[in-house]
A.B. asks: 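One structure, as structure tokens, below. Some questions next.
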Amino acid sequence: MTTESRTDSGRYQPGDIESRWRERWERDGLNRVADHVEGRPNRYHVTMFPYPSGDLHVGHWFAMAPSDALARYFRMRGYNVLLPMGFDAFGLPAENAAIKGGAHPRDWTDANIQRMRDQLRAMGATFDWERQVNASDPDYYRWTQWWFLQLFKRNLAYRKDATANWCPSCNTTLANEQVIDGRCERCESEVTQRQMEQWFFRTTEYAEELLANEHLDWPEHVKVMQRNWIGRSEGAEFTMRVQGREDDPRLADGFRVYTTRPDTAFGMTFAVLSPEHALVDAVTTDAQRTDVTAFIERVRRTTEIERLSTEGSLEKRGVFTGSYAVNPFNGEPVPVFLADYVLASYGTGAIMAVPGQDQRDWDFATAYGIPIVRTVQPPEGWEGEAYTGDGPAINSRWLDGLHKAEAIERATSWLEEQGIGARKVQYRLRDWLISRQRYWGAPIPILYCERCGTVPVPEDELPVALPYDVEFQPTGRSPLATSDAFVEAVCPDCEGPARRETDTLDTFMCSSWYFMRYPDPRNADAPVSREAAEAWLPVDQYTGGSEHATMHLLYARFFYKVARDMGLVPGDEPFVRYFAQGQILGPDGRRMSKSRGNVVAPDGQIEKWGADTFRAYLMFLGPWDQGGPYDVDGIVGVYRWLSRVWAVVTDPPSLVDAPEAGRALRVEAHSTLQKVGEDYEAKRFNTAIAAMMELTNALQRLRDHGEADRGAWDEAVRMLILMAAPACPHIAEELWERTGGGYSVHQQAWPEFDAALTVPDTVEIAVQVNGKVRGRIEVAPDAEEAAARDAALADEQVATQVSGRQVVRVVYVPGRLLNFVVK
RNA sequence: GCCGGGGUGGCGAAAUGGCAGACGCAGCGCACUCAAAAUGCGCCGAGCGCAAGCUCGUGUGGGUUCGAGUCCCACCCCCGGUACCA
């Protein structure tokens, strides 16, 4: 503050200052780690890279603007912070656009990336664009293919039959999203399931390690979701013979069932195979074949969610095969059914059904008139149906009277002694299907040689380039199969003719390792050098939507563990900390979409209010992890705040030397500084900005008062600008310069608060009688209970309420309240 | 269905088991203005009351506690994920 008189420096005009400072920061490379100070610790922040869908969306800003504020805050805290950005550029929308007759996916994607980069610049974020990655760039997907080869080499990639949604009319596979109520979104034909040979990664190999996530500094609910997704269960697997059918070679060994409750096996009254089970044909008798075939046809048109639902009746959701299997525990025959609620992908694809102890089995048995035998005693007065609790075993011969844990142990041991079964840990987690019958993805680097079979493409021949000219219109084959130039190849082993794999890799593969690429984005010899990996990995702070809680975040963890086993990266986990930001909705509270007409374009908001206001508003409108509707009317409040900041800084009151009078402002400034620091640290941007608003309002009151203590005023203004800098970088830079701070505010250290100045002289506390507030008193924050009690009883209201009654207890919480409990 | 999250004024929200509604939007009143905008000041959960004040109030129903938005039990509604949207 250099002037005593009130000069009018003009009103806050964000348009003038924002572009000027952005250009200067870019010119100076303020965001490039290489230019930062030596000797500072590195800190690596990553925000999930966007899919280049077209225009930048408010949702992108909601994810990225607070991320930038956080990175800036940690720079002020003395770290070299790397904050990169890239594009998850392979995927379905680009291909759909091409099929609908739009541009080629390559051109469409590149144009979108260019546009979104330009739009992102307006945020004033410190993304290091020199490290940008583009997953559809051959220099990137070459390494995505390299990863596939490494997993193949380590026996973590294999082929097996799997089903895919198939539209018989469009002649193409469909993503789940393209299936609406069992029909193709384009032509509305009924979608069926089609079996084809596809590539998988053995994620289940790492199930146990992925399950162990307790130690991660992640939101608890995300860790719980992952553990439930992996779904470890301990149980037993055993063989059931098919009565009278042992002469059929397919049934000579019977079939295997998996159960977590072998102790309830005496209550088995039927057995169920999944409709996709390999032995369905064998167990089906001629008399039942028509019904069974019709049932399987129906199941092929049902989604998995519908199949697993326990809602409604199970009638017509199963069919009798005509065969009987033998319960090995008591030698009794039980009918074998098919039912849609048994999935081929879990366990052995077959179960023993115990309706007394399983609700879905109960419902099924009721619908099909199958007997129900309880083998666990429900508690007294039990009125429910299936009972899954821990009661003593009944109707179970040698298990009777035993409780769950011991009964399971005995039953399992018995299976092992008999040589018909064994204990088995089972996961709900399935291996990762990575084959896609699509064009816009990285080709799977595999060759099929007539003589040598399945041959991996040699690493030095990568990338297997995606050809530009192919047929996108569905032909019933993968688009790459329509390009002879692509398909026809030479076997690297025998130099004979070979055909290339024509499926492409799931785009989740691109996003499973991109954060390993930013530290060393132009490396032509490895996805990342050991040196760059040591410098930056693992990621210190990862942010992105919680919709990725199970799939992307698990795939990335899987990849990182494989990378670790290969000696590529330090540590065991890719993301030390993870923050799940919420989703921003349209003003009507629904997800923004063009068809609903509720999309708010960031560009318009910036034009109207400036980037700082828009950034701060997104941080202010609610807790970051919650998201919520974007209210176009609310943003003016943040604009008014920044205008007030501008006004108090550029047009201060008369400054005099009056330290006594300045103490109140100093307490306000230091308390705010403490709170804002804690809030930034915890990503509570909404309350951080609210606190800065309060400090600004206090400054404004002093300004209207016409006079303030010079020392307190200058300190408060300086602190306010520094606190605002991470959230509102442009105005902070401008005001920092105008108040003589120099360049750049973004290279300043975060100020330290004085703890002695965060405590006010007196506080107002509530006085309650029997828990109801009857008065308020002004006391020192650390006042003794006796002093507080005296002050409270001096209050007329309180005295009236207490007099004539017996005080049985007094509860005193210093600085908060005093409660008289009276009779 | 299953897994996870959420429900507080007209609206977005705040609140280590301790004064519910900070901060902001909208609204109402006032000042400035020829007027409007902008800005500043005041009011702003509901009901009752001239007032002092009283009663009720955090999705619903119950419980624990001197004290519950917060902890426990049961339920209702909304959102995300559910393995080929990313």
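A quick note: this is a predicted structure, and the numbers were derived from the prediction, not measured. All chains are named by letter (A, B, ...) in the order of the sequence lines, taking the proteins before the strands, and each is independently numbered beginning at 1.
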A.B. asks: Please confirm whether the shortest side-chain N or O distance from A/Arg430 to OP1 or OP2 of B/U82 is below 4.0 Å.
C.D. replies: no

A.B. asks: Output yes when at least one side-chain N/O atom of A/Gln359 is less than 4.0 Å from OP1 or OP2 of B/G1, else no.
C.D. replies: no

A.B. asks: Regarding A/Arg227 and A/Glu220, does a basic nitrogen lie under 4.0 Å from an acidic carboxylate oxygen?
C.D. replies: yes

A.B. asks: Quick one: label A/Arg590 by what it contacts on the DNA or RNA (base, sugar-phosphate, nothing), any heavy atom closer than 4.0 Å.
C.D. replies: nothing

A.B. asks: Taking CZ from A/Arg816 and P from B/A20, how many angstroms apart are they, rounded to a whole number?
C.D. replies: 12 Å

A.B. asks: What integer number of Å spans the C1' atoms of B/G40 and B/U16?
C.D. replies: 37 Å

A.B. asks: Roughly how many Å apart are B/C54 and B/A20, using the P atom of each and rounding to a whole number?
C.D. replies: 12 Å

A.B. asks: Given B/C23, is OP1 or OP2 found less than 4.0 Å from the side-chain N or O atoms of A/Asn686?
C.D. replies: no

A.B. asks: What does A/Gly637 touch in the nucleic acid at a heavy-atom separation under 4.0 angstrom: a base, only the sugar-phosphate, or nothing?
C.D. replies: sugar-phosphate

A.B. asks: Taking atom P in both B/A51 and B/A46, compute the distance separating them and give it to the nearest angstrom.
C.D. replies: 16 Å

A.B. asks: Please determine whether a side-chain nitrogen or oxygen atom of A/Asn176 lies at a distance below 4.0 Å from atom OP1 or OP2 of B/U82.
C.D. replies: no

A.B. asks: Can you tell me how far P of B/C84 sits from CG of A/Asp88, to the nearest Å?
C.D. replies: 15 Å

A.B. asks: My understanding is that only one of A/Thr173, A/Asn176, A/Thr172 makes a side-chain hydrogen bond (donor to acceptor under 3.5 Å, both in side chains) with A/Asn165; could you say which?
C.D. replies: A/Asn176

A.B. asks: Is any side-chain nitrogen or oxygen of A/Arg640 closer than 4.0 Å to OP1 or OP2 of B/C25?
C.D. replies: yes

A.B. asks: What nucleic acid atoms does A/Arg591 come within less than 4.0 Å of, heavy atoms only: base, sugar-phosphate, or nothing?
C.D. replies: sugar-phosphate

A.B. asks: Does OP1 or OP2 of B/A86 have a side-chain N or O of A/Thr507 closer than 4.0 Å?
C.D. replies: yes

A.B. asks: Does the structure show a Watson-Crick or G-U wobble partner for B/U16, both distances under 3.5 Å? Name it, or say none.
C.D. replies: none

A.B. asks: Just the rounded figure in Å: distance from C1' of B/C79 to CE of A/Met225.
C.D. replies: 12 Å

A.B. asks: For B/C56, take OP1 and OP2 only and decide whether either is under 4.0 Å from a side-chain N or O of A/Lys772.
C.D. replies: yes

A.B. asks: Are the charged groups of A/Asp506 and A/Arg436 less than 4.0 angstrom apart, N to O?
C.D. replies: yes

A.B. asks: Are the side chains of A/Cys167 and A/Gln178 in touch, meaning some heavy atoms are under 4.5 Å apart?
C.D. replies: no

A.B. asks: Would A/Arg428 and A/Trp229 count as a cation-pi pair here, with the cationic atom under 6.0 angstrom from the ring centre and within 45° of the axis?
C.D. replies: yes

A.B. asks: What is the pairing partner of B/G69, taking Watson-Crick or G-U wobble pairs with both distances under 3.5 Å in any strand?
C.D. replies: none

A.B. asks: Using the P atoms only, state how far B/C84 lies from B/C72, rounded to an integer number of Å.
C.D. replies: 36 Å

A.B. asks: For A/Trp609 and A/Tyr639, I'd like to know if the aromatic rings sit close, meaning centre-to-centre distance below 6.0 Å.
C.D. replies: yes

A.B. asks: Using whole Å, what does the distance between atom P of nucleotide B/C84 and atom CG of A/Leu433 come to?
C.D. replies: 6 Å

A.B. asks: Is A/Arg360 near enough to B/G1 that one of its side-chain N or O atoms lies under 4.0 angstrom from OP1 or OP2?
C.D. replies: no

A.B. asks: Check this one for me: any side-chain N or O of A/Gln626 less than 4.0 Å away from OP1 or OP2 of B/A13?
C.D. replies: yes

A.B. asks: In whole Å, I'd like the distance from the CD atom of A/Gln797 to the C1' atom of B/G53.
C.D. replies: 7 Å

A.B. asks: In whole Å, I'd like the distance from the CZ atom of A/Arg809 to the P atom of B/G67.
C.D. replies: 9 Å

A.B. asks: Need the pair for B/A35. Rule: Watson-Crick or G-U wobble, both distances under 3.5 Å, any strand; none if unpaired.
C.D. replies: none

A.B. asks: Taking atom P in both B/C48 and B/G10, compute the distance separating them and give it to the nearest angstrom.
C.D. replies: 16 Å

A.B. asks: Counting Watson-Crick and G-U wobble pairs only, both distances under 3.5 Å, name the nucleotide matched with B/A22, or none.
C.D. replies: none

A.B. asks: Any carboxylate oxygen within less than 4.0 angstrom of a Lys/Arg side-chain nitrogen, looking at A/Glu678 and A/Lys675?
C.D. replies: no

A.B. asks: Under 4.0 Å, heavy atoms only, any strand: does A/Asn819 hit a base, just the sugar-phosphate, or nothing?
C.D. replies: base

A.B. asks: Using the P atom as the reference point in each nucleotide, state the distance between B/A38 and B/G47 in Å, no decimals.
C.D. replies: 30 Å

A.B. asks: Please report, rounded to the nearest Å, how far the C1' atom of B/C84 is from the CE atom of A/Met196.
C.D. replies: 11 Å

A.B. asks: What's the gap between B/C34 and B/C44 when it is taken at their C1' atoms, as a whole Å value?
C.D. replies: 31 Å

A.B. asks: Syn or anti for B/G9, with syn set at within 90° of 0?
C.D. replies: syn

A.B. asks: Can you measure A/Leu429 atom CG to B/A83 atom C1' for me and round it to whole angstrom units?
C.D. replies: 9 Å

A.B. asks: What does B/C2 pair with, Watson-Crick or G-U, if both distances are under 3.5 Å?
C.D. replies: B/G81

A.B. asks: Once you apply the 3.5 Å cut-off to both distances, tell me the Watson-Crick or G-U wobble partner of B/G27, or none.
C.D. replies: B/C43

A.B. asks: Looking only at atom P, what distance separates B/C77 and B/A26, rounded to whole Å?
C.D. replies: 35 Å

A.B. asks: Taking the side chain as every heavy atom from C-beta outward, state whether A/Ile765 and A/Tyr812 have any atom pair closer than 4.5 Å.
C.D. replies: yes

A.B. asks: Under a 3.5 Å cut-off for both contacts, is B/C50 paired Watson-Crick or G-U wobble with anything, and if yes, with which nucleotide?
C.D. replies: none

A.B. asks: Report which part of the nucleic acid A/His552 touches: base, sugar-phosphate, or nothing (heavy-atom distance under 4.0 Å, all strands).
C.D. replies: nothing

A.B. asks: If only side-chain N and O atoms of A/Gln583 are considered, is one of them under 4.0 Å from the OP1 or OP2 phosphate oxygen of B/C79?
C.D. replies: no

